[in-house]
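Atom set for the values below is all heavy atoms of this structure, side chains included, hydrogens, waters and symmetry mates excluded. Numbering of residues begins at 1 and proceeds along the displayed sequence.
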Amino acid sequence: METNITTNDSLLDTFRESIVPGKFVRIEYLTDISEFIKADALVKKINADTIELGTGEEVPIDRIIRIGGVMSPKFPGYESYSCDC
């Protein structure tokens, strides 16, 4: 279930600032076909619209649901539907 909404820039900036290069984090995001992915990965680099993981995979910032325990303001309430199994 994708609940991507429009948010103001200050909330997105705050979320973006919580992403720290060189830190090993749990990341939850949706692929371009809305597949839910949960992985533990190293944040290698932050680009303009994506983050690069240690695996070389690039994840669009606007598709990230949660990273390092911080929920994206673009997916409010998503936490209620996810299972942290």
Side-chain angles (χ1 to χ4, degrees):
M1 178 175 137
E2 185 173 345
T3 57
N4 192 337
I5 64 167
T6 304
T7 59
N8 69 38
D9 291 338
S10 66
L11 289 175
L12 287 176
D13 289 343
T14 301
F15 176 68
R16 209 178 148 83
E17 290 170 5
S18 71
I19 303 170
V20 180
K23 189 174 180 184
F24 193 78
V25 296
R26 173 161 287 175
I27 181 171
E28 299 172 9
Y29 63 96
L30 296 174
T31 66
D32 57 347
I33 59 170
S34 296
E35 177 183 28
F36 178 79
I37 304 291
K38 182 190 294 187
D40 294 321
L42 175 72
V43 176
K44 186 174 179 181
K45 186 166 111 179
I46 301 174
N47 301 314
D49 297 326
T50 63
I51 64 166
E52 184 179 339
L53 302 178
T55 60
E57 184 176 1
E58 289 194 13
V59 178
I61 292 174
D62 67 347
R63 307 290 290 168
I64 297 173
I65 298 167
R66 180 188 341 228
I67 186 166
V70 179
M71 288 291 294
S72 169
K74 295 189 98 161
F75 295 92
Y78 194 88
E79 185 172 34
S80 302
Y81 300 101
S82 63
C83 174
D84 198 15
C85 304

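- Cluster membership for F15 and Y29, using ILVMFWY side-chain heavy atoms within less than 4.5 angstrom, is shared.
- The side-chain contact (heavy atoms from CB on, under 4.5 Å) test applied to P21 returns I46, not counting sequence neighbours.
- For N47, the side-chain contact (heavy atoms from CB on, under 4.5 Å) test picks out K45, T50, E52, E58, with sequence neighbours left out.
- By the side-chain hydrogen bond (donor to acceptor under 3.5 Å, both in side chains) test, D40 is found to be paired with R26, residues two or more places apart in sequence or in another chain being considered.
- Other residues sharing a hydrophobic cluster with L42 under the 4.5 Å side-chain heavy-atom criterion for ILVMFWY residues are F24.
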- Task: For side chain to side chain contact (heavy atoms under 4.5 Å, CB included), just list the numbers for I61 and R16, CA-CA rounded to whole Å, side-chain angles, deciding distance to a tenth of an Å, and then say yes or no.
- Result: CA-CA 8 Å; I61 292 174; R16 209 178 148 83; 2.7 Å; yes
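- In this view, E35 and T31, I33, I37 satisfy the side-chain contact (heavy atoms from CB on, under 4.5 Å) rule, not counting sequence neighbours.
- Rounding to the nearest 0.5 angstrom, the gap separating the CZ atom in R66 from the CE atom in M71 is 5.0 Å.
- Taken together through direct or relayed side-chain contacts under 4.5 Å among Ile, Leu, Val, Met, Phe, Trp and Tyr, F75 and I64 form parts of separate hydrophobic clusters.
- Annotation: the span from R63 atom CZ to K74 atom NZ amounts to 9.5 Å, rounded to 0.5 Å.
- Residue I27 holds its CD1 atom at 9.5 Å from CD1 of I65, rounded to the nearest 0.5 Å.
- Every side-chain contact (heavy atoms from CB on, under 4.5 Å) that V20 has, sequence neighbours left out, goes to K23.
- From I51, atom CD1 reaches atom NZ of K44 across 13.0 Å, with rounding to the nearest 0.5 Å.
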